[in-house]
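So the structure is just underneath, and the comments pick up after that.
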Amino acid sequence: DTLFAGVSVLSLVTSVLVAELSNRWSDYDLLVLSLVLGFAGSLVLLDPPLWPAQLGEARFLAGFALITVAFPFGRNVALATFSKVLGPCDQGEWMGLMF
């Protein structure tokens, strides 16, 4: 339960950060940030057989946090780009398909 509570707080903070950064950064920059954060989180979570250290709790939490933060950036950019592609038509049904 503590992990999910922490992730929910992290998601709220990330949502505020996305709202602020979207006014200053381009969609491309936010997408690259999302990819970098997600890739970094995936690398932290890797547990190659040649590494002497196993995946501990601290590494798991760090990788999980990076991936959790990366998701809202990528999702918001994808939805904004899809909205721009659809243009002025009725977007409700099409946006519903994205979810």
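All values reported here derive from a predicted model rather than from experimental measurement.
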| query | More than 12 heavy atoms of other residues, nucleotides or ligands under 6.0 Å from CG of Asn23: is that the case? | reply | yes
| request: Nearest 0.5 Å please: distance from the CG atom of Leu61 over to the CG atom of Leu66. | output: 11.0 Å
| message | Going by salt bridge (Lys or Arg N to Asp or Glu O under 4.0 Å), name the residues that satisfy it together with Glu20, two or more places apart in sequence or in a different chain. | response | Arg24
| task | Return the minimal non-hydrogen interatomic distance between Val44 and Leu55, and the atom names on each side. | result | O-CD1, 4.0 Å
| task | Grab the two heavy atoms, one from Ala70 and one from Leu37, that are nearest each other, plus how far apart they are. | result | CB-CB, 3.7 Å
| field | Heavy-atom closest contact (Ala80 atom, Asp27 atom, distance) | value | CB-OD2, 4.4 Å
| task | Using modelled atom types only, decide if a donor and an acceptor are shared between the side chain of Ser34 and the backbone of Gly74 within a distance under 3.5 Å. | result | yes
| Residue pair Gln54 / Arg59: nearest heavy atoms and the distance that separates them | O-NH1, 3.5 Å
| task | Indicate, with yes or no, if Leu45 and Val7 share a hydrophobic cluster defined by side-chain heavy-atom contacts under 4.5 Å among Ile, Leu, Val, Met, Phe, Trp and Tyr. | result | yes
| Does Ser22 use its side chain to pair, donor to acceptor, with the backbone of Val18 at less than 3.5 Å? | yes
| request: Find out if a path of hydrophobic residues (ILVMFWY) with successive side-chain heavy-atom gaps under 4.5 Å connects Phe39 to Leu33. | output: no
| Taking it one step at a time, do Tyr28 and Val32 satisfy side chain to side chain contact (heavy atoms under 4.5 Å, CB included)? | CA-CA 6 Å; Tyr28 178 80; Val32 169; 3.8 Å; yes
| message | Could you check whether any side-chain N or O of Thr14 sits under 3.5 Å from a backbone N or O of Leu10, counting only pairs where one atom can act as donor and the other as acceptor? | response | yes
| Is there a path of hydrophobic side-chain contacts, each under 4.5 Å between heavy atoms of I, L, V, M, F, W or Y residues, that connects Trp25 with Leu17? | yes
| request: Find the distance between CG (Leu3) and CZ (Phe64) and round it off to the nearest 0.5 Å. | output: 5.0 Å
| How close do Leu30 and Leu21 get, heavy atom to heavy atom, and via which atoms? | CD2-CB, 4.0 Å
| remark: Rounded to the nearest 0.5 Å, the CG atom of Asn76 sits from the CG atom of Leu31 at a distance of 11.5 Å
| said: Is there a path of hydrophobic side-chain contacts, each under 4.5 Å between heavy atoms, that joins Phe60 and Ile67? | reply: yes
